[in-house]
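One structure is given here, and the rest of the page talks about it.
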Amino acid sequence: MIENPVFNSGETFSVDPKAPVFQLREESCVLFESDDPFYNPYGVWRLNKIS
């Protein structure tokens with residue numbers, strides 16, 4: 001995070017060649033109602049394990 005990376009929906013990453021691979025998906029925030037203090041109007045990132 002110190003390097004200020006750019007994340008794009010659909011990209012994949014892994015922390016190690018033998019570690020699981022995850023895909024990033026940007027989604028709108030549906031976890032909380034819009035008047036809830038935890039609601040994020042900018043959306044959320046979902047990490048899906050693909051291997």
Side-chain angles (χ1 to χ4, degrees):
M1 300 307 284
I2 294 171
E3 297 173 1
N4 198 22
V6 175
F7 298 112
N8 295 301
S9 190
E11 291 183 335
T12 60
F13 76 95
S14 180
V15 296
D16 183 84
K18 294 180 182 178
V21 176
F22 292 90
Q23 182 180 43
L24 294 168
R25 270 192 17 195
E26 186 177 12
E27 299 181 353
S28 58
C29 183
V30 295
L31 302 170
F32 305 99
E33 297 294 326
S34 61
D35 60 344
D36 190 293
F38 291 107
Y39 176 76
N40 186 349
Y42 302 104
V44 296
W45 288 102
R46 181 175 300 275
L47 300 177
N48 294 319
K49 184 177 173 184
I50 59 175
S51 69

Under a 3.5 Å distance rule, please check whether Gln23 uses its side chain to pair with a backbone N or O of Glu11 as donor and acceptor. no
Residues passing the side chain to side chain contact (heavy atoms under 4.5 Å, CB included) test with Lys49, sequence neighbours excluded, are Pro20, Phe22
Show me, pair by pair, the donor-acceptor contacts under 3.5 angstrom made by side chains of residues 34-46, not counting sequence neighbours?
residue	atom	partner	partner atom	Å
Asp36	OD1	Phe38	N	2.7
Asn40	OD1	Tyr42	N	2.9
Asn40	ND2	Gly43	O	3.0
Arg46	NE	Glu27	OE1	3.0
Arg46	NE	Glu27	OE2	3.1
Arg46	NH2	Glu27	OE1	3.3

**Q.** Side-chain heavy atoms of Leu24 within contact of Thr12, under 4.5 Å
**A.** no
